[in-house]
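What follows is a short report on a single structure.
Order of the sequence lines fixes the chain letters, A, B, ..., with proteins taken first and strands second; residue numbering starts at 1 for each chain.
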Amino acid sequence: MQVAPAIRSSRLSRRATSLLLLAPTTLLYLTVYLGGLVMVLVMSIDVPPGVDSGGATLAHYRDVFGSAPIGAIVLRTLRDSLATVAGCLLLGVPVARYITASASRWKGIVLMAVLSPLMVSAIGRIFGWIALFGPGSVIADGLTALFGGKPTGLLYTEAAIIIGLTNLLLPFMVLSVASSRAHFEEDMSKAALSLGATPLSVLLQVELPLIFPGILSGALIVFSLSTTNFVTAALLGGSGRDLVGYEIYLDILVYFQQGRGAALAMLLLVVVVALMALAIQTGVQRHEVRDTAARTRGT
Amino acid sequence: MMRVLVVLAVVFATLPGVIVVLASLTAGQSLAFPPQGLSLRWYEVIFADPDFRDALLTSLTLATITSLLAVSLSALAAISIVRYRSRATALIEAMLLSPLAVPHIVIGIGILQLYGYFGLRADLLTLTLGHLIITIPFALRMLITSLAGMDRQIEHAAASLGATPRAILFQVILPQMKMGLLGAAISVFILSFDDVALTVFLVQPGYTTVPIMLFGMAENQVLPSIHAASVILLLASWLGVILIDRLIGFDRFLFRDGPSG
């Protein structure tokens, strides 16, 4: 009869300990983080000052959906983000194959060169593009020599934004595709080859289906990160070429259109969280694919 | 074909960093690459700027404090989440990791509005709280992974030999997490030291960080001293990457079990 309360109290103390360890961080997140997100929601439905009606309004959302300039910005964002995904796929898939399959001594160097930018100052690197693309640079002079026109180079064009975003987000694609290949057995390709498959059909019919979840989740991650990025668009695109993220930044800090900025931010939040959830979901399926592959090999 | 693309990717990934280092060494007035002559004059210019020195001091202090706090809080949270798994801890874990999916610009606007509502000004405390929100998810994810891969037998052995929970935490669990804690501390430092997307909403004139100063300078001032300041940010993050590679191994740090499985 003495054991039961002892167990209960130890269970209680375990629970108390676990929540005590989490308490400071949870408190911080509930106030600063969730509190802040609620503030954005409130801003987005807040009645603009000077308008004489109490309560909430959907006017800011109507403003966003009805505005032609915003429509153009959304289209430009989609276009540039898709181009960025394409750029990351073109360079990222070969790198992911190389660092997971090759036994070359260059492997470590390739991995370091392509993946270290994950941690290397993003804003510092943007100034590299400014130096390379701006007026007076080799690229600007080269473009002028080839096509004539003003010697302004690539700076402040959509091409500059796409190059900057691809450079920024390439590591995410490589990581995603490489981890989907982590359990890919080169033996499977060899088996297919020995059974008479051509290298191309091995790539398309054996490898692609296995790494497709990695490609998809990489594409979703790169797409959402490029739609929300505003530093690259601000510094390489400049005014007149703003993407959704930069437009939100301008609305809040420059134009003082708090309501419209907040409404746009809420819409972006919903879309990006949905895309990220989808990316995580395909990541989960990726593990299932792996398990299936492992089971198939086992039998 | 694949080889060509791999080489292209390596060049493309490293190009802007190399270019900005070379462009910062110019003796001329132009930002453009290639540099006109070589000199360190723009480093002298940027270090002679009291605003830059203030911003650098703010950035270093902020990143150091954020790193220490984020890693300590994440270590406690990770232990709770991995060792005392329950529905409540799973829910809290989801909340703590969610900023990985939420655009930082939205988090920034929210905190800006919240601080404005309570009349809080930009200072070390308000910036640190903001930076904790965006860095804890990274640290927590790393520490959960490192903790989940740990052998629990040692803890059971310690407990059966009469060690108190406190002794187990400090003498068994934390020493085994050392590399994870170090890796998390370095990454948090770099994330905080380099952040623009959130910080731009939290600074005020007179209290700013180096990346935000650069972001503002790009629009107004066009002298190569901006490249020199960029190189200082780049050097800090390259140092971090080298440290992680030497201490943990960069591929182990990125992939749980190495890229080739």
Is it the side chain or the backbone of B:V200 that comes within 4.5 Å of chain A heavy atoms, both, or neither?
both
Between A:L118 and chain B, with a heavy-atom cut-off of 4.5 Å, which part of the residue counts as in contact: side chain, backbone, both or neither?
side chain
Return the option, out of A:S18, A:G164, A:G261, with the maximum number of heavy-atom pairs under 4.5 Å with chain B.
A:S18
Closest non-hydrogen atom pair, A:L269 against B:P103:
CD1-CD, 3.8 Å
Can you tell me which portion of A:L253 sits under 4.5 Å from chain B's heavy atoms? Options are side chain, backbone, both or neither.
side chain
B:D194 side chain to A:A122 backbone, donor-acceptor under 3.5 Å
yes
Hey, can you tell me if B:H227 and A:F127 have their rings parallel, tilted or perpendicular (30° and 60° cut-offs)?
perpendicular
Among B:L191, B:T14, B:I92, which residue has the highest count of heavy-atom pairs closer than 4.5 Å to chain A?
B:I92
Please state whether the side chain, the backbone, both or neither of A:I252 comes within less than 4.5 Å of a heavy atom of chain B.
side chain
Structural part of A:I126 lying under 4.5 Å from a heavy atom of chain B
neither
Give the member of A:L30, A:V120, A:T228 that has the highest number of heavy-atom pairs under 4.5 Å with chain B.
A:V120
A:A265 versus B:V106, closest heavy-atom pair with distance
O-CG2, 3.7 Å
Check: B:S237 main-chain N/O paired with A:S121 side-chain donor or acceptor under 3.5 Å:
no
Would you mind telling me which of B:L233, B:L129, B:L73, B:I105 has the largest number of heavy-atom pairs within less than 4.5 Å of chain A?
B:I105
Shorter than 4.5 Å, heavy atoms on both sides: which option in A:G124, A:G108, A:P24 has the most such pairs with chain B?
A:G124
Among B:V20, B:L235, B:V231, B:V210, which has the most heavy-atom pairs under 4.5 Å with chain A?
B:V20
Which region of A:M119, side chain (C-beta onward) or backbone (N, CA, C, O), has a non-hydrogen atom less than 4.5 Å from a non-hydrogen atom of chain B, or is it both or neither?
both
Closest non-hydrogen atom pair, A:V273 against B:A101:
CG2-O, 4.1 Å
Using a distance-only test with no angle check, is there a side-chain donor-acceptor pair under 3.5 angstrom linking B:S98 and A:Y29?
no
Looking only at heavy atoms and a cut-off of under 4.5 Å, which of A:T227, A:T166, A:V38, A:I221 has the most pairs with chain B?
A:T166
Smallest separation among heavy atoms of B:Q113 and A:M39, with atom names
O-CE, 3.7 Å
Is A:Y98 in contact with chain B via its backbone, its side chain, both, or neither, using a 4.5 Å heavy-atom distance?
side chain
Heavy atoms of B:L100 and A:M276 approach each other most closely as O-CE, 4.2 Å
Work out which heavy atom in A:G128 is nearest to a heavy atom in B:I19; give both atom names and the distance.
O-CG2, 3.4 Å
Among B:G240, B:A77, B:S86, B:P99, which residue forms the greatest number of heavy-atom pairs with chain A at distances under 4.5 Å?
B:P99
Please classify the contact between A:L235 and chain B as side chain, backbone, both or neither, with a heavy-atom cut-off of under 4.5 Å.
side chain
